[in-house]
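One structure is given here, and the rest of the page talks about it.
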Amino acid sequence: MKITVLRLGHRYGRDERITTHCGLVARAFWADEFILSGDKDTGVLESLKKVVERWGGLFEVNYEKNWKKVLRDFNGIKVHLTMYGLQINKKINEIKKHKKDFLVVIGGEKVPAEVYSLVDYNIAVGNQPHSEVAALSVFLDRFFEGEELSRKFEDAKIRIVPKKNGKETV
Ligand code: SAM
């Protein structure tokens with residue numbers, strides 16, 4: 001089972017930080033691939049690739065201008081995170097039962113109306129507006145039931161030794 005995160009509507013100059021955080025959350029919370037759509041921001045793509053090189057894992061970082069094609073061609077379960085969707089608490093068990101690959105779609109400032117009908121699930125992490133970073137982290141954490149937080153990353157050049165006080169890395 002593979003989890004791909006599709007980030008829609010990235011804008012140069014405005015979204016670098018938040019999109020980078022979406023990619024970091026996707027990797028840290030056990031997704032396998034991050035696809036950027038919107039502006040082709042090589043700065044964001046490169047900085048995510050550098051994190052993978054240093055901190056390990058087999059995480060892929062890609063760009064695709066044509067987000068409709070990604071949605072149409074995806075062979076698996078497509079979940080769009082939106083405040084207008086059905087509550088995660090009521091649907092997460094049903095979603096987890098599918099033994100297929102997953103595409104998790106997160107939006108930006110404006111999400112095209114078509115997205116809602118191209119997916120299998122529109123899921124809300126609370127029906128209040130917040131952020132794609134928060135929605136993605138809560139979704140993946142519920143999906144993996146917290147196990148993602150103790151995952152070991154293959155081929156890491158650097159690893160943190162958890163400590164009560166101070167910082168230690170090896
Ligand atoms: N008004 C926008 C829309 O059309 O949905 C929301 C923009 S919001 C700043 C950016 C993204 O954060 C959304 O596309 C969605 O993926 C995510 N998001 C924000 N609040 C959410 C919530 N309560 N549940 C799930 N996802 C949410």
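Counting starts at 1 for both ligands and their atoms, in listed order. Position 1 is the first residue of the sequence, and the numbers go up from there.
- The pair E33-K2 meets the salt-bridge criterion, with a side-chain N (NZ, NE, NH1 or NH2) lying under 4.0 Å from an Asp/Glu carboxylate O.
- Nearest protein heavy-atom neighbour of atom 2 (C) of ligand 1: E109 O, 3.7 Å.
- A donor atom on one side chain and an acceptor atom on the other are found under 3.5 Å apart for N122 and H80.
- The nearest heavy-atom contact from the protein to atom 5 (O) of ligand 1 is Y116 OH, 3.8 Å.
- Under 4.0 angstrom from ligand 1, there are no non-hydrogen atoms of A134.
- Heavy-atom proximity to T82, at under 4.0 Å, picks out these atoms of ligand 1: 24 (N), 25 (C), 26 (N).
- K96 and E145 are joined by a salt bridge, as a carboxylate oxygen and a charged side-chain nitrogen come within less than 4.0 angstrom of each other.
- Distances between N or O atoms of K110 and those of ligand 1 include no value under 3.5 Å.
- Ranking protein heavy atoms by distance to atom 12 (O) of ligand 1, first place goes to E132 N, 3.1 Å.
- Residue V111 holds the heavy atom nearest to atom 4 (O) of ligand 1 of all those in L136, N127, V111, I123.
- Taking a 4.0 Å cut-off on heavy atoms, H80 fails to register as neighbouring ligand 1.
- Nearest approach of S37 to W67, heavy atoms of both residues: OG-CB, 3.6 Å.
- When each of I106, V104, L136 is checked for a side chain to side chain contact (heavy atoms under 4.5 Å, CB included) with R7, only I106 meets the rule.
- Under the 3.5 Å distance criterion, the side-chain polar atoms of D32 are left unmatched by any main-chain donor or acceptor of F59.
- In terms of modelled atom types and a separation under 3.5 Å, the side chain of D41 and the main chain of Y12 share no donor-acceptor contact.
- Proximity of a side-chain donor or acceptor of T19 to a complementary backbone N or O of E16 within less than 3.5 Å is not detected.
- The pair E53-K50 fails the salt-bridge criterion, with no side-chain N (NZ, NE, NH1 or NH2) lying under 4.0 Å from an Asp/Glu carboxylate O.
- Residue G126 places at least one N or O, backbone or side chain, under 3.5 Å from an N or O of ligand 1.
- Within the structure, the closest approach of H130 to ligand 1 falls below 4.0 Å when heavy atoms are considered.
- The single protein non-hydrogen atom nearest to atom 27 (C) of ligand 1 is A135 CB, 3.7 Å, given as residue, atom name and distance.
- The distance criterion of under 3.5 Å between nitrogen or oxygen atoms is met by G107 with respect to ligand 1.
- Considering both main-chain and side-chain atoms, V125 comes within under 3.5 Å of ligand 1 through a nitrogen or oxygen pair.
- Atom 6 (C) of ligand 1 has as its closest protein heavy atom G108 O, 4.2 Å.
- Between L81 and ligand 1, a contact under 3.5 Å exists for at least one N or O pair.
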